[in-house]
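One-based numbering along the sequence shown. Whatever order the structure lists ligands and atoms in, that order sets their numbers, starting from 1.
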Amino acid sequence: MGLTENFTKVTNKMLATGHSAQLVAVTKTVGIDVIEQLYALGQRHFGENRAEVLTEKQAALSERYPDIVWHFIGSLQTRKVKAVLPAATYIHSLDRISLAKEINKRADKESNCFVEVNVAGEANKHGLAPEEVLPFIKQLAPYPNVKVVGLMTMAPFEATEQELHTVFAQLKQLTKDVQALQLKQAPCLEASMGMSNDYPIALQEGATFVRVGTELVTVN
Ligand SMILES: *Cc1c(COP(=O)(O)O)cnc(C)c1O
């Protein structure tokens with residue numbers, strides 16, 4: 001299948017769920033030529049997981065395609081914040097106070113952040129434990145440039161369908177728990193969840209952003 005077929009397949013699978021979300025095309029494994037082709041198909045949101053690559057691609061494309069919206073989805077080193085902030089509209093991986101502090105310092109306006117949650121408690125994954133999320137968000141008050149637009153999770157790769165439903169439902173519930181705090185800094189209306197393996201399930205559970213790479217960009 002080519003890129004056009006992949007794009008049609010993914011968007012149709014999303015439509016078939018009866019729920020809508022913003023598709024973030026994860027282009028970390030491909031070059032800017034693929035981004036340009038997806039752009040021509042109407043895609044505007046793109047995700048990258050490495051700071052250098054995001055800033056390079058953004059710089060290469062921003063003049064011709066000023067309406068591309070960039071998402072930083074990888075784990076973010078504090079020393080890379082300065083470079084990532086001007087390039088990315090969303091950061092999906094806020095997971096520690098030291099990072100919030102740096103974002104607050106380097107940003108000249110509110111920055112859209114997702115707090116990353118390790119819902120399933122996997123040892124090898126980044127993100128806060130579910131019970132840490134509310135206390136963490138309450139601790140962000142001194143960092144007003146950090147705006148918690150939502151929560152993000154990656155589901156376990158080997159989970160059953162039932163387990164995936166549970167993980168995504170938990171993340172969605174957590175967004176509502178944060179909303180209930182009514183913090184101006186944390187509207188938390190968004191849920192960034194779902195990848196190639198599991199985005200239809202994430203949509204059913206209320207994802208507002210799905211991050212799809214492999215299924216979209218693998219051409220054969
Ligand atoms: C790579 C990546 C994705 C996309 O995963 P696919 O399985 O290729 O769709 C989504 N989110 C994050 C954080 C990633 O690193």
Just need the protein heavy atom nearest to [atom], so name the residue and atom and give the distance.
atom: atom 9 (O) of ligand 1; result: S196 OG, 2.5 Å
atom: atom 12 (C) of ligand 1; result: I73 CD1, 3.5 Å
atom: atom 8 (O) of ligand 1; result: T214 OG1, 2.5 Å
atom: atom 5 (O) of ligand 1; result: M195 CE, 3.4 Å

With respect to [X], determine whether any N or O atom, backbone or side chain, lies less than 3.5 Å from an N or O atom of ligand 1.
X: M152; result: no
X: K28; result: yes
X: R211; result: yes

Exercise. Quick one: do the Q77 and K80 side chains pair a donor with an acceptor below 3.5 Å?
Worked result: yes
For this session: Hey, can you tell me if F209 and H92 have their rings parallel, tilted or perpendicular (30° and 60° cut-offs)?
Result: perpendicular
Problem set entry | Test: E5 and K9 ion pair at under 4.0 Å | no
Problem set entry | Note: K13-E215 ion pair, threshold 4.0 Å (strictly below) | yes
For this session: Would you please test E122 and N118 for side chain to side chain donor-acceptor pair (under 3.5 Å) and show each step?
Result: CA-CA 7 Å; E122 290 176 282; N118 185 354; over 6 Å; no
Seminar exercise, completed: Note: ligand 1 atoms sitting under 4.0 Å from heavy atoms of V212 are 9 (O)
Exercise. What are the atoms of ligand 1, with element, lying closer than 4.0 Å to any heavy atom of G213?
Worked result: 4 (C), 6 (P), 8 (O), 9 (O)
Exercise. Side chain, backbone, both or neither: which part of H92 has a heavy atom under 4.0 Å from ligand 1?
Worked result: neither
For this session: Have a look at ligand 1 and work out which part of E116, if any, has a heavy atom under 4.0 Å from it: side chain, backbone, both or neither.
Result: neither
For this session: Name all pairs fulfilling the salt bridge (charged side-chain N to carboxylate O under 4.0 Å, His left out) condition that reach into residues 179-206, sequence neighbours left out, sorted by first residue then second.
Result: none
Exercise. Between F46 and Y39, is the ring centre distance below 6.0 Å?
Worked result: no
Exercise. Around atom CZ of R96, are there more than 12 heavy atoms of other residues, nucleotides or ligands at under 6.0 Å?
Worked result: yes
